[in-house]
Peer 1: 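Got a structure for you, questions after.
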Protein chains: 2
Amino acid sequence: MNGYVSDAVVRRLPGYYRHLRELEENGVVQISSQELGERMSLTPSQIRQDINCFGGFGRQGYGYPVHELKEHIGEILGLNRKHRMAIIGAGRIGNAVSRYPSFRREGFETVAMFDSDPALMTEEDDGIGIYDISRLEELLPEMDISIAVLAVPATAAQKTADRLYACGVRAIWNFAPVDLQHPADMEVVNVHMSDTLHILSYRMAHPDADRK
Amino acid sequence: MNGYVSDAVVRRLPGYYRHLRELEENGVVQISSQELGERMSLTPSQIRQDINCFGGFGRQGYGYPVHELKEHIGEILGLNRKHRMAIIGAGRIGNAVSRYPSFRREGFETVAMFDSDPALMTEEDDGIGIYDISRLEELLPEMDISIAVLAVPATAAQKTADRLYACGVRAIWNFAPVDLQHPADMEVVNVHMSDTLHILSYRMAHPDADRK
DNA sequence: CTTCACATGTGAATCTTTTAACAATTTAAT
DNA sequence: ATTAAATTGTTAAAAGATTCACATGTGAAG
């Protein structure tokens, strides 16, 4: 139990959470680093090392208790908290995210959308209002938003991020294919879907390259 | 110029490509590792090290030629090739991907969609046919698909991936929140959007943690 | 033509991450 | 009650990635 969670471990945490939840749903109550490693394509050694840094869950000769470990990782990830999200850009991606049911189940609730296309300005069937983006400064600060989902075109992304910061937003989940410049007190995580497609393209072009 | 491209470098390649294209669009013809590093939040040293592994582009006292470097990275990524994609699962995510215009521009063309919901079985306005997923084995092998976009619910993902493999598909761009088991001769890259949201949640819960 | 500032390529040093190894503990079986 | 098999926590070693430092080459200015 060493306490410090390195960035390499943080990147794997959502994967642990996902697999443990799935195991729990299937009624599995206990799992060894060996077995979990096979599922996740990690070495048992790495799994023990990872879990050990927030320590004390395993029992020798037995393994790890699935439910308890999942809950603990969920807490480390902050999944016990609730988040109110605003979606900026009500195009296909923005809508896909706002309707994706598992986010809401995990405490990420979409409470409003903003777009520049007036055709979309309407109360949606699910009760999420869509507002003109020109009203961002007027409406957003009242909404108690903790996460903004940025799903605008690349060309508008930086300017919009700046406006969001000015409205008090301190966390952006960015779907625009752009690396945003941002103050240190605003967190930004990028989805950058096309990057993953490019990596697939790379692997197809170099089937020989050993992945390490 | 050492030739071997490590996985850490491959993961950064799409970012280089993105930034270089943007620079090129803005008419920038030359850039130093210093300046590029500021844009990308990488050290100049790392950039020189990265670019050096497929070598020989920079000129001392001058920097790197933007167009030439971009083109070369594009080739390494395999972006000179064309790909025909089939989208499996015509829900919001599947549709968002198939309509996203920049993929087509980069040579990734959606040629068909499959879904289990008969309400969707129709020729779309953009000419992309939507077929019942039960006809996968009948239709897909004829279509000369090189990439399948998997956008079905988590519960169906593994079974569907197995069927795709049986149909001859050897590359999957996976949007289902699942780590697929797959033969070594099939490439899979995951988007796992919710993982990035979980990482955002982690960072919000631990604003102190140094990101390294 | 000389000089100066700039910026790369590269080898070595440092830091991080992963893997290996094993003593210690638990479970289950006989 | 003993023993055998399983499996962790942890330390140490190995591998990998990043940063540093500097010699070397380039371009521009005087």
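In the text below, chain A, chain B and the rest are named by the order of the sequence lines, each starting its count at 1. Values in this document were obtained by computation on a predicted structure and should not be read as measured data.
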Peer 1: In whole angstrom, give the distance that lies between atom CD of A:Q34 and atom P of D:dA5.
Peer 2: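 Checked: the CD to P distance equals 17 Å.
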Peer 1: Looking across every strand, which nucleic acid part, if any, lies under 4.0 Å from A:R12 by heavy atom: base, sugar-phosphate, or nothing?
Peer 2: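 Result for A:R12 = sugar-phosphate.
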Peer 1: Decide whether A:D179 and A:H192 meet the rule of one side-chain donor and one side-chain acceptor closer than 3.5 Å.
Peer 2: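 Distance-only check passes for A:D179 and A:H192.
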Peer 1: Please state how far atom CD in A:Q46 lies from atom C1' in D:dT11, giving the value in whole angstrom units.
Peer 2: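 So the CD-C1' distance, A:Q46 to D:dT11, works out to 17 Å.
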Peer 1: B:E35 or B:Q49: which one's nearest nucleotide on DNA chain C is closer to the 5' end?
Peer 2: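 It is B:E35, whose closest nucleotide lies nearer the 5' terminus.
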Peer 1: Would you kindly give the CG-to-P distance between A:D50 and D:dT7, to the nearest whole Å?
Peer 2: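 For the pair A:D50 CG and D:dT7 P, the rounded distance is 19 Å.
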Peer 1: For B:F57, answer base if it contacts any base atom (sugar-phosphate contacts may also be present), sugar-phosphate if it contacts only those atoms, and nothing otherwise; contact means non-hydrogen atoms under 4.0 Å.
Peer 2: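 Sugar-phosphate: the residue B:F57, judged by heavy atoms under 4.0 Å, touches backbone atoms but no base.
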Peer 1: Establish, from distance only, whether the side-chain atoms of B:D185 and B:Y165 form a donor-acceptor pair under 3.5 Å.
Peer 2: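 Indeed, the side chains of B:D185 and B:Y165 share at least one donor-acceptor pair under 3.5 Å.
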Peer 1: Round to the nearest Å and state the distance from B:Y62 atom OH to D:dA28 atom C1'.
Peer 2: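 Answer to the nearest Å: 14 Å.
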Peer 1: For the pair made of CD in A:Q30 and P in D:dT7, what is the distance, rounded to whole Å?
Peer 2: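 Result: 7 Å.
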Peer 1: Would you mind reading off the distance between A:D7 atom CG and D:dT18 atom P, rounded to a whole angstrom?
Peer 2: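 Between P of D:dT18 and CG of A:D7: 12 Å.
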Peer 1: Any ion pair linking B:E137 and B:R163 (charged N to carboxylate O, less than 4.0 Å)?
Peer 2: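 Result for this pair is yes, salt bridge flagged.
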Peer 1: Hey, does the side-chain of A:Q60 have a donor or acceptor N/O within less than 3.5 Å of a partner on the base of D:dT8?
Peer 2: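 Yes, the side chain and the base share a sub-3.5 Å donor-acceptor pair.
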Peer 1: Rounded to the nearest angstrom, tell me the gap between atom CD in A:E68 and atom C1' in D:dT8.
Peer 2: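 Between C1' of D:dT8 and CD of A:E68: 15 Å.
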Peer 1: Select base, sugar-phosphate, or nothing to describe what B:S45 touches, counting heavy atoms under 4.0 Å on all strands.
Peer 2: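 Touches a base.
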Peer 1: Walk along DNA chain C from 5' to 3' and tell me the first and last nucleotide with an atom closer than 4.0 Å to a non-hydrogen atom of chain B.
Peer 2: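 Using the under 4.0 Å cut-off, the span is C:dC6 to C:dT16.
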Peer 1: Can you tell whether the side chains of A:R21 and A:E106 come within less than 4.0 Å, N to carboxylate O?
Peer 2: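 Salt bridge present between A:R21 and A:E106.
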Peer 1: Compute the ring centroids of B:H198 and B:Y202, then answer whether they are less than 6.0 Å apart.
Peer 2: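 Ring centres of B:Y202 and B:H198 not closer than 6.0 Å.
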Peer 1: So does A:R48 get a side-chain nitrogen or oxygen closer than 4.0 Å to the phosphate oxygens (OP1/OP2) of D:dT8?
Peer 2: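 Yes, within the criterion.
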Peer 1: Let me know the distance between CD1 of A:I47 and P of D:dT8, rounded to the nearest Å.
Peer 2: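 After rounding, the reported distance stands at 9 Å.
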Peer 1: Between B:K70 and B:E25, does at least one N-O distance fall below 4.0 Å, as a salt bridge requires?
Peer 2: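 No, B:K70 and B:E25 are not salt-bridged.
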Peer 1: Decide if the gap between the ring center of A:W173 and the ring center of A:F108 is smaller than 6.0 angstrom.
Peer 2: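 That pair fails the under 6.0 Å test.
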Peer 1: Looking at D:dA6, I'd like to know if its phosphate oxygens (OP1 or OP2) sit under 4.0 Å from a side-chain N or O belonging to A:Y64.
Peer 2: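 No, because none of the side-chain N or O atoms of A:Y64 sits under 4.0 Å from OP1 or OP2 of D:dA6.
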